[in-house]
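Naming convention: chains lettered A, B, ... in sequence-line order (proteins, then strands); numbering from 1 in each chain.
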There are 2 protein chains.
Amino acid sequence: MIVNDTEMDRIFRSLADRTRRDILHRLVSTELSVSEIAAPYDLTYAAISKHLKVLENARLVSRRRDGKRYLLQANLDPLREVDGWINFYRRFWSEAFDKLGDYLAIVQENKEDE
Amino acid sequence: MIVNDTEMDRIFRSLADRTRRDILHRLVSTELSVSEIAAPYDLTYAAISKHLKVLENARLVSRRRDGKRYLLQANLDPLREVDGWINFYRRFWSEAFDKLGDYLAIVQENKEDE
DNA sequence: CGTACATTCAACCATGTAGTTGAATGATCG
DNA sequence: CGATCATTCAACTACATGGTTGAATGTACG
């Protein structure tokens, strides 16, 4: 396992809020400033700032300076951890698991060949 | 979308705790009573009872009476929702996405044929 | 240099969470 | 029926969360 439990806690915790999920979604393909992020919501800058800190603590968002603004962008690595965690359960909900498992095994082999 | 935002909140929220993730894991393949669930942890029954309530509110665990005990089991449907949510992000972390996308499309078609 | 802009910090409030303890409920068994 | 076992409830504590307001920081610009 790559992440430890408290890190997993932080990832799930920061996803457990609609506003944060929405922010993450908007930061996937674009860098946005704090005020651009805040614009659609009926919340103060301070509130948005806190949401961003939560996302950053889970390493789901990173920031860089750009003059007087900060630019934020999503980092999806932690979601791969969630995906890995959830993968264990996949076999219990899908009869197609075996096929999918075979497929993923092939993908993995191909990766290792590279 | 099948689940709404507050439901998604509840699912992620209940996964944001190591003990609850552990309980869920143990309930996947077996039904267990509350005291069996509680046994490995250094927690009171009341605390375990609360954890179970959180998991049940997220529909991740269901219970039935068995004499004087309750038997609990995992219900993984909500995890499919999480998986669906996370699926959007998959394309941004994996170059194999297109191949996987094709594969899943095929699986989907096959399902629809049934 | 002083002002304006973008963002955070600090203090505060209300509510939620994770845990405890001790009493209450409900099913079983002699 | 009364005792016992499995579990929950109620009340409480300590701390976290999500929000506010108003002041503080840091960068840029004339």
Got B:Asp9 and A:Arg21 here, is their nearest side-chain heavy-atom distance under 4.5 Å?
yes
B:Arg69 CZ - D:dT8 P separation (whole Å):
13 Å
Where along residues 23-34 of chain B does a heavy atom fall under 4.0 Å from DNA chain D?
B:Ser33, B:Val34
Any residue of residues 37-45 of chain A with a heavy atom less than 4.0 Å from an atom of DNA chain C:
A:Tyr45
Between B:Arg18 (side chain only) and A:Thr6 (backbone N and O only), is there a donor and an acceptor less than 3.5 Å apart?
no
Ignoring backbone atoms, establish whether B:Ser49 has a side-chain N or O less than 4.0 Å from OP1 or OP2 of D:dT7.
no
For B:Asp83, enumerate each residue passing the salt bridge (Lys or Arg N to Asp or Glu O under 4.0 Å) test, keeping only those at least two apart in sequence or located in another chain.
A:Arg90, B:Arg90
Find the distance A:Leu52:CG to C:dC9:P and express it as a whole number of Å.
12 Å
Please state how far atom CG in B:Asp9 lies from atom P in C:dT17, giving the value in whole angstrom units.
11 Å
Tell me, please, which residues at least two apart from A:Tyr89 pass side-chain hydrogen bond (donor to acceptor under 3.5 Å, both in side chains).
none
Would you tabulate the side-chain donor-acceptor contacts of residues 38-52 of chain B under 3.5 Å, counting partners in other chains and residues two or more places apart, or write 'none'?
residue: B:Tyr41; atom: OH; partner: B:Asp22; partner atom: OD2; Å: 2.5
residue: B:Tyr41; atom: OH; partner: B:Arg26; partner atom: NH1; Å: 3.2
residue: B:Thr44; atom: OG1; partner: B:Ala47; partner atom: N; Å: 3.2
residue: B:His51; atom: ND1; partner: B:Arg20; partner atom: NH1; Å: 3.1

Minimum-distance nucleotide to A:Asp17 side chain [options: D:dG18, C:dA6, C:dG19]:
D:dG18
Go along nucleotides 24-30 of chain C 5' to 3' and tag each nucleotide: B for a protein heavy atom under 4.0 Å from its base, S when only backbone or sugar atoms are that close, - otherwise.
---SS--
For the residue pair A:Ser62 and A:Leu72, establish whether any side-chain heavy-atom pair is separated by less than 4.5 Å.
no
B:Lys53 NZ to D:dT7 P, in whole Å, measures 15 Å
Measuring to OP1 and OP2 of C:dT7, would you say a side-chain N or O of A:Ser35 lies under 4.0 angstrom away?
yes
Take atom CD1 of A:Ile48 and atom P of D:dT21, then tell me their distance rounded to the nearest Å.
14 Å
Return the value, rounded to whole Å, for the distance between atom CZ of B:Arg18 and atom P of C:dA18.
15 Å
OP1 or OP2 of C:dT17 sitting under 4.0 Å from any side-chain N/O of B:His51?
no
Of the listed nucleotides (D:dT8, C:dA11, C:dG19), which one gets closest to any side-chain atom of A:Lys50?
C:dA11
Table of protein N/O atoms under 3.5 Å from nucleotides 14-17 of chain D N/O atoms:
residue: D:dT17; atom: O3'; partner: A:Arg13; partner atom: NH2; Å: 3.4

Salt bridge (Lys or Arg N to Asp or Glu O under 4.0 Å) against A:Arg64, all qualifying residues, sequence neighbours excluded
A:Glu31
Does anything in residues 7-40 of chain B pair up under ring pair (Phe, Tyr, Trp, His ring centres under 6.0 Å), and if so which pairs, sequence neighbours excluded?
A:Phe88-B:His25, B:Phe12-B:Trp85
Taking only residues two or more places apart in sequence, or in another chain, which ones meet B:Glu36 in a salt bridge (Lys or Arg N to Asp or Glu O under 4.0 Å)?
none
A:Arg69: which residues meet the side-chain hydrogen bond (donor to acceptor under 3.5 Å, both in side chains) condition with it, sequence neighbours left out?
A:Asp66
Side-chain donor or acceptor of B:Asn75 paired with backbone N/O of B:Arg59 under 3.5 Å:
yes
Taking the side chain as everything from C-beta on, heavy atoms only, tell me whether B:Glu56 gets closer than 4.5 Å to B:Arg63.
yes
Partners passing salt bridge (Lys or Arg N to Asp or Glu O under 4.0 Å) against B:Arg13 (at least two apart in sequence or in another chain):
none
Atom pair CG/CG of B:Leu60 and B:Leu27 - distance to nearest 0.5 Å:
10.5 Å
